[in-house]
S.K.: 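Take this structure, written in structure tokens, and hold onto it; I'll ask about it next.
Please read all numbers here as calculations on a predicted model, not as lab measurements. Just the heavy atoms: all of them, side chains too, but no hydrogens, waters or symmetry mates, feed the values below. Below, read A as the first sequence line, B as the second, and so on, with proteins coming before strands; counting in each chain starts at 1.
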Amino acid sequence: EPEVTQTPSHQVTQMGQEVILRCVPISNHLYFYWYRQILGQKVEFLVSFYNNEISEKSEIFDDQFSVERPDGSNFTLKIRSTKLEDSAMYFCASSEARTTYGYTFGSGTRLTVV
Amino acid sequence: SQQGEEDPQALSIQEGENATMNCSYKTSINNLQWYRQNSGRGLVHLILIRSNEREKHSGRLRVTLDTSKKSSSLLITASRAADTASYFCATLPAGSARQLTFGSGTQLTVLP
């Protein structure tokens, strides 16, 4: 069964550093998403991406964050100048269509900012 | 309560029993989805029910949707120890928004 692949599985970074989280969505999916889950809290929407542009973003997704689909297969989330409160599990997801199908999530990247 | 709130927060049952989890939401939806998450792992899509559907089955899963009450339930029949996980409902709002909103989840423990 097709999978969404995320790398790395765990990243530790110093406060103020930049990190790039990588995702390979399912190849025939058209919609891509990033979500995060702070330990013990809800899964929160960050951003959705369609047709090579951001289609929607949450209040969390401020200028510190950016997304890119550099080569037609990878989908990346960049976090600039990381803060302690950015520590969370970051999930990438993709879907064939917006409303007809559920999302396929990756296993996540656990980001720890120290 | 916030969009997509599950009830109960935690549920502990014996293997073989049925587990029922409920979800309430506030705004009009396009669809409602249920996901499962094993500890420290990713979210696995279980089932999607559209706003014009009332009931849906998939294997041992049965989902109901009552749009007049803005609520849904997930029933897992004949539970197994392997069903132990957190279960989340997530709503996709009606209209053009693409933001799938998750609830806080129900932690299900199935005792062998």
S.K.: Which heavy atom of A/K42 sits nearest a heavy atom of B/F102, and at what distance?
M.R.: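 Closest heavy-atom pair between A/K42 and B/F102: CD-O, 3.6 Å.
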S.K.: Checking A/Y35 side chain against B/L100 main chain: does a donor-acceptor pair fall under 3.5 Å?
M.R.: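 Looks like yes, one N/O pair under 3.5 Å.
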S.K.: Does CD in A/E3 sit with more than 12 non-hydrogen atoms of other residues, nucleotides or ligands closer than 6.0 Å?
M.R.: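 Atom CD in A/E3 is not crowded, with 12 or fewer foreign heavy atoms closer than 6.0 Å.
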S.K.: Should we count CZ of B/R41 as having more than 12 external heavy atoms under 6.0 Å?
M.R.: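 Check fails, neighbour count at 12 or below.
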S.K.: In this structure, are over 12 heavy atoms from other groups packed under 6.0 Å from B/Q14 atom CD?
M.R.: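 Yes.
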S.K.: Hey, quick one: are A/L111 and B/L43 part of the same hydrophobic cluster, counting side-chain heavy atoms closer than 4.5 Å, chains of contacts allowed?
M.R.: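 No.
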S.K.: Check whether A/Q41 gets within reach of chain B through its side chain, its backbone, both or neither, counting any heavy atom under 4.5 Å.
M.R.: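 Interface part for A/Q41: neither.
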S.K.: Transitively linked via ILVMFWY side-chain contacts under 4.5 Å: A/F32 with A/V4?
M.R.: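 Different clusters.
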S.K.: Around atom NZ of B/K70, are there more than 12 heavy atoms of other residues, nucleotides or ligands at under 6.0 Å?
M.R.: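 Buried by this count: over 12 neighbours within 6.0 Å.
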S.K.: Examine whether an atom of B/L48 lies under 4.5 Å from a heavy atom of chain A, and if so say whether it belongs to the side chain, the backbone or both; otherwise answer neither.
M.R.: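 Just its side chain gets close to chain A.
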S.K.: Distance-only, no hydrogens or angles: does the B/Y35 side chain make a donor-acceptor pair with backbone N or O of A/Y103 under 3.5 Å?
M.R.: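 Between the backbone of A/Y103 and the side chain of B/Y35 there is a qualifying donor-acceptor contact (under 3.5 Å).
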S.K.: Looking at A/D63, I want to see if its CG is surrounded by more than 12 non-hydrogen atoms of other residues, nucleotides or ligands under 6.0 Å.
M.R.: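 Open: at most 12 neighbouring heavy atoms sit under 6.0 Å from CG of A/D63.
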S.K.: Among residues 81-91 of chain A, which residues come closer than 4.5 Å to chain B, judged by heavy atom distances?
M.R.: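 At a heavy-atom separation under 4.5 Å, chain B is reached by A/M89, A/F91.
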S.K.: Any chance CZ of B/R80 has more than 12 other-residue heavy atoms, nucleotides or ligands included, within less than 6.0 Å?
M.R.: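 No, not enclosed.
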